[in-house]
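Values below: every heavy atom of this structure, side chains too, minus hydrogens, waters and symmetry copies. Bear in mind that the values here come from a model prediction, so they are computed numbers and not experimental data.
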Amino acid sequence: MPNVSLTTSSVQQFIIVGFPGFQDLKSKTLFSVFFLTAYLLICLGNLTIILTLTMDENLHKPMYVLVCSLAILDIAFSSVTVPRILAILMFDSNISFDGCFAQLFLFHAVGSSQSFLLMLMAYDRFVAICNPLRYPTIMTNRVILKCIILCWFGGLIAPVIPLILALRLPFCGPNKVMHLYCELASVVRLACADISVNNYVTLAIAMSVMIIPLTYILYSYVRIIMSVLKIASSEGRVKAFSTCGTHLVVIFIFLFTAVCVHISNRIPGTSEDVRIMAAGVQNVIPPLMNPVIYCLRAKEIRDSFVKTLRKCKMLSF
C-alpha cells in the first residue's frame with residue numbers, strides 16, 4: 001500500500017503497546033488465549049448463522065436478511081482488530097504507517113455500519129408491528145438489500161473526514177500507540193501539532209453516528225409499544241413483544257459496551273490497562289453474543305439450525 005500521508009512525517013511505523021501494565025510473557029499468553037478463543041467462537045457462531053439462513057429458503061425474509069448482514073459485520077468488526085491484536089501480543093508489536101491508518105479506517109467504518117444497521121432493524125420491526133398489512137409490500141428483500149448497502153456505504157463515508165484530517169497531521173515521534181490496535185484518538189494524540197480541530201470533528205461525527213440511530217430506535221420502540229398496548233389479546237401482545245426482544249437485547253449489548261468504553265476514557269485516574277481492556281472487550285463481546293442471542297431467542301433460526309444439522313448428519317452416512 002503506497003504512503004497516503006498528506007503531510008511529511010518522520011514516523012514510518014507505529015508501535016502498538018498493548019497492555020502497558022502486563023508486558024510479561026505469562027500475561028501476554030493469557031490475553032492471547034482469550035482473544036484467540038473469542039475470535040474462533042465469533043467466526044464459528046456468525047458463520048453458523050449465515051449458513052443456516054442461507055440454506056433455509058423459508059428464512060429468506062427481510063428480518064433474517066438483516067440478521068445475516070449483522071453476522072457479516074460482526075465477523076468483519078472483529079477481523080479488523082483481533083488478528084492484529086494476536087500478532088502484537090505473540091510476535092511483533094510494530095505496524096506500518098499505512099497499515100495503521102488502514103486499520104483505523106476499517107475499524108470505524110465497520111462500527112458505523114453496525115450502528116446504521118441496528119437503526120434499519122428497528123425500522124423493520126416498526127413496520128412489521130405498526131403497519132403489518134403493508135409490511136410485505138414495504139419491506140421486500142430487494143428494498144432491504146438496498147437499505148443494507150446504504151448502511152454499509154454510510155459506514156464507509158463516516159470516518160473519511162476524520163481520516164483525511166488525521167493524515168494531514170505531522171507525526172515526528174513518539175510513535176507508541178497506547179492501545180491494542182490503531183484507533184483514531186490514540187493515533188491522533190501522537191501528532192506533533194494542534195489536534196483540537198481533529199477532536200471536534202471526530203466528536204461531532206461520532207456523536208452523529210451514535211445519536212441519530214439511537215434517537216430513531218427509541219422513537220420506533222415508543223411507537224411499537226403504543227401499538228402493542230392497543231392489541232386486545234394478551235397472547236397477541238406477548239407475540240408482538242417477542243419479535244422485538246432479540247433486537248432490543250442486541251442493541252443493549254452494543255450500546256452497553258460502547259458506553260463502558262466512553263466512561264473508561266472520561267473518568268479521571270482510570271488506568272491505561274482498564275481503558276484498553278474496555279476497548280478490547282467491545283471488539284469481542286457483541287460479535288460473540290449476537291449469534292447466541294439469535295439462536296436462543298429466535299425459534300425459526302433455532303429450528304432451522306437443528307434441521308440443517310440433521311441434513312448434514314444424513315448426508316454423512
Side-chain angles (χ1 to χ4, degrees), residues 66-67 69-82 100-126 144 146-169 179-189 195-222 247-266 275 278-287 289-290:
L66 289 168
V67 172
S69 177
L70 181 64
I72 293 171
L73 287 177
D74 281 340
I75 293 174
F77 189 64
S78 56
S79 296
V80 169
T81 56
V82 177
C100 184
F101 274 90
Q103 183 186 54
L104 181 156
F105 172 75
L106 291 172
F107 171 75
H108 291 286
V110 176
S112 299
S113 298
Q114 285 184 316
S115 184
F116 295 141
L117 185 68
L118 290 174
M119 179 173 67
L120 178 58
M121 294 174 81
Y123 177 69
D124 174 73
R125 293 298 84 208
F126 168 74
I144 282 293
K146 288 180 179 178
C147 291
I148 289 171
I149 291 171
L150 283 175
C151 289
W152 290 3
F153 181 73
L156 290 172
I157 292 298
V160 167
I161 294 177
L163 177 70
I164 292 173
L165 290 175
L167 286 169
R168 296 180 67 87
L169 294 170
H179 217 294
L180 284 168
Y181 49 86
C182 287
E183 181 260 347
L184 186 61
S186 300
V187 174
V188 168
R189 199 177 294 131
I195 61 170
S196 56
V197 173
N198 298 71
N199 290 336
Y200 290 137
V201 171
T202 300
L203 179 63
I205 293 176
M207 295 301 287
S208 299
V209 167
M210 288 298 295
I211 289 177
I212 291 174
L214 178 59
T215 301
Y216 181 77
I217 288 168
L218 291 174
Y219 166 78
S220 297
Y221 276 99
V222 168
H247 182 231
L248 284 172
V249 174
V250 169
I251 291 172
F252 173 78
I253 292 174
F254 179 81
L255 291 176
F256 178 75
T257 53
V259 168
C260 286
V261 173
H262 180 76
I263 291 174
S264 67
N265 287 332
R266 294 292 181 270
R275 180 180 65 82
V281 168
Q282 185 189 21
N283 278 263
V284 295
I285 294 302
M289 293 303 298
N290 288 348

Validation row: L248, F252 side chains within 4.5 angstrom (heavy atoms): no
Shortest non-hydrogen contact from C151 toward S113: O-OG, 3.6 Å
Set of side chain to side chain donor-acceptor pair (under 3.5 Å) partners for Y219, sequence neighbours left out: R223
Stepwise side-chain contact (heavy atoms from CB on, under 4.5 Å) test for I148 and W152: CA-CA 6 Å; I148 289 171; W152 290 3; 3.8 Å; yes
Note, F105 side chain near V160 side chain (heavy atom, < 4.5 Å): yes
Test applied, side chain to side chain contact (heavy atoms under 4.5 Å, CB included); reference residue, S69; option that passes from D74, L120, L117: L117
Non-hydrogen atoms of I217 and A122 that approach each other most closely: CG1-CB, 3.8 Å
Residues that I211 engages under side-chain contact (heavy atoms from CB on, under 4.5 Å), provided they are two or more places apart: M207, T215
I161 atom CD1, neighbour heavy-atom count above 12 within 6.0 Å: no
F107 vs F77 side-chain heavy atoms within contact, under 4.5 Å: yes
F116 vs L150, side-chain contact (heavy atoms from CB on, under 4.5 Å): CA-CA, chis, key distance, verdict: CA-CA 9 Å; F116 295 141; L150 283 175; over 6 Å; no
Nearest atoms (heavy-atom pairs only) where S208 meets A204: OG-O, 2.8 Å
Distance-minimising heavy-atom pair for T202 and P162: OG1-CB, 3.8 Å
Validation row: Y181, E183 side chains within 4.5 angstrom (heavy atoms): yes
By side-chain contact (heavy atoms from CB on, under 4.5 Å) - contacts of S115 (at least two apart): V209, M210, P213, F254
Nearest non-hydrogen partners of Q103 and T81, listed with the distance: NE2-CA, 3.9 Å
F126/Y221 aromatic ring centres below 6.0 Å: no
Heavy-atom donor-acceptor pair, N283 side chain to S78 backbone, under 3.5 Å: no
Spacing of CD1 belonging to I164 relative to CG belonging to L169, to within rounding of 0.5 Å: 12.5 Å
Distance (rounded to the nearest 0.5 Å) between D124 CG and L66 CG: 5.5 Å
Parallel, tilted or perpendicular: rings of Y216 and Y123 (30°, 60°): tilted
Reported CZ-to-CD1 distance for the pair R189 and I195, which is rounded to 0.5 angstrom: 7.5 Å
